[in-house]
Amino acid sequence: MPELPEVETLRQYLDSVARGFCVQNVLIKKPRIVRPESDRIFKRQLTGQTIHHIDRRGKFLLMHLNHGSSSNPLVIHLGMTGRLFFRHGSDAVHSIPHLAVALEGKDRVLCYVDVRSFGRWTFDTSPVDRMGPEPLDADVFHPDYLQQICHGRSIKIKDLLMHQERVAGLGNIYVNEILFLSRLHPLRQAQSISKRGLTVLFKTIRKTLSEAIQLGTTSRLDWEGSGHGDGFFYFGRSGQADPNMTERFHVYDREGQPCSKCASPILRMVISQRGTYYCPKCQLL
DNA sequence: CACCATGTTCCTTG
DNA sequence: CCAAGGAACATGGT
């Protein structure tokens with residue numbers, strides 16, 4: 001599911017319903033998710049623990065256990081297709097398709113489903129420790145920081161923004177949108193962007209992410225995503241979660257459709273093996 | 001069958 | 001050391 005706004009929306013929801021949840025038993029149906037730890041050691045670390053509160057860093061969820069400090073939090077990354085939700089009562093958890101991990105409590109089960117199994121659960125915080133600044137934290141992410149990471153670098157601006165050690169939490173969809181709204185061509189070299197351009201980029205990043213979180217927290221979301229299509233992620237292209245949220249993207253996945261600003265057909269190219277959408281008239285190189 | 005998909009990690013090359 | 005580029009991971013949808 002995963003970019004910063006979706007993970008943050010999930011965090012807020014989980015933090016409100018999972019605090020105090022005591023893990024009585026741990027099921028690991030896809031051992032690859034807890035790699036490279038062994039299921040046995042992982043289970044031993046989680047069993048009997050209580051969820052104290054849940055934080056987020058970039059696209060990672062941090063589940064703090066027991067009294068919130070001392071030991072490492074449980075670090076969860078959802079990969080491309082991870083989903084987390086509670087199943088109540090004694091429903092048959094075993095029949096859930098692609099169930100990867102289940103934390104069984106007294107009267108409910110926290111289920112982790114992951115079709116492609118790119119997600120990861122670990123107590124190793126090193127990937128989190130290497131993350132760049134949180135884009136919504138004004139203390140660490142500001143126009144000067146953007147200038148600093150762009151200075152002297154020939155890297156394509158799209159690649160730079162997606163690099164988690166430079167800025168935390170941006171992914172392919174939001175970067176496409178952010179570059180369109182900032183009128184920057186995705187191939188543009190970071191060092192060639194003017195101070196003014198970087199200021200616009202900075203503002204657009206904050207605005208785009210905040211608005212997406214706002215939309216997520218005010219919607220009725222389908223965490224399990226058991227319906228057709230996505231239902232929740234990226235706010236219902238299929239219109240499942242809310243039919244009024246079908247017009248979310250300006251450029252992402254809109255190849256050939258008219259630009260919302262100038263009506264030119266949106267183009268698609270591949271950058272670093274990821275689909276890249278842009279308006280050739282609004283985003284000049 | 002071919003190609004596409006919200007992501008990260010690891011390896012190679014310069 | 002750093003940057004860039006690519007393959008790999010696993011599964012489903014179109």
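Keep in mind that this is a model prediction, so the values were computed, not measured. First the proteins, then the strands, lettered A, B, ... as listed; each starts at 1.
- Here Phe118(A) does not count as stacked on dA10(C), because the ring centres are not under 5.5 angstrom apart with planes under 30°.
- Residue Arg130(A) is out of contact with every strand shown, counting any heavy-atom pair closer than 4.0 Å.
- At a threshold of 4.0 angstrom between heavy atoms, the contacts of Lys156(A) are confined to the sugar-phosphate backbone, with no base atom among them.
- Put simply, His98(A) has a side-chain N or O that comes within less than 4.0 Å of OP1 or OP2 on dG12(C).
- Counted within 6.0 Å of NZ on Lys261(A), heavy atoms from surrounding residues, nucleotides or ligands total more than 12; the atom is thus considered enclosed.
- Under the 30°/60° scheme for interplanar angles, the aromatic rings of Phe86(A) and Phe21(A) are found to stand perpendicular.
- Closest to the side chain of Gln273(A), out of dG12(C), dG7(B), dG6(C), is dG6(C).
- Atom NE2 of His163(A) and atom P of dC10(B) are 14 Å apart (whole Å).
- Residue Asp114(A) contributes atom CG, which lies 10 Å from atom P of dT11(C) at whole-angstrom precision.
- In this model, the phosphate group of dA5(B) is approached by a side-chain N or O of Tyr277(A) to a distance below 4.0 Å at OP1 or OP2.
- Remark: aromatic rings of Phe123(A) and Phe42(A) are close, center separation under 6.0 Å.
- Listed pair Arg268(A) / dA5(B) meets the phosphate criterion, a side-chain N or O lying under 4.0 Å from OP1 or OP2.
- Counting any heavy atom pair closer than 4.0 Å across all strands shown, Gly119(A) reaches no nucleic acid atom.
- If you check every strand for non-hydrogen atoms under 4.0 Å, Ser154(A) touches sugar and phosphate atoms only.
- The pairing partner recorded for dA10(C) is none, the criterion being a Watson-Crick or G-U wobble arrangement whose two distances lie under 3.5 angstrom.
- Looking at heavy-atom distances under 4.0 Å, Arg32(A) makes contact with sugar-phosphate atoms alone, never a base.
- Between Phe180(A) and His250(A), the angle of the ring planes stays under 30°, which puts this pair in the parallel group of the 30/60° scheme.
- In this structure, CG of Leu161(A) is placed 16 Å from C1' of dG7(B), rounded to the nearest angstrom.
- Between Arg274(A) and dG7(B) there is a side-chain N or O to OP1 or OP2 distance below 4.0 Å.
- Between Met162(A) atom CE and dG6(C) atom C1' there is a gap of 15 Å when expressed in whole angstrom units.
- Just one residue in the list Glu3(A), Glu8(A), Glu6(A) forms a salt bridge (Lys or Arg N to Asp or Glu O under 4.0 Å) with Arg56(A), and that residue is Glu8(A).
- As a whole-Å value, the separation of Met80(A) CE from dG7(B) P is 6 Å.
- For the P atoms, the distance from dG12(C) to dT9(B) is 24 Å, rounded to whole Å.
- In this structure, the CE atom of Met269(A) is 17 Å from the C1' atom of dC4(B), given to the nearest Å.
- In this structure, the CG atom of Asp159(A) is 9 Å from the C1' atom of dA4(C), given to the nearest Å.
- Contact annotation: Lys30(A) side-chain N/O to dA10(C) OP1/OP2 distance is not under 4.0 Å.
- Among the heavy atoms of the strands lying under 4.0 Å from Gln164(A) are primed sugar atoms or P, OP1, OP2 only; no base atom is included.
- Ring centers of Phe202(A) and Tyr145(A): at least 6.0 Å apart, outside the cut-off.
- At dT8(B), one or more side-chain N or O atoms of His77(A) fall inside 4.0 Å of OP1 or OP2 (strictly under the cut-off).
- In this structure, CG of Asp253(A) is placed 18 Å from P of dC3(B), rounded to the nearest angstrom.
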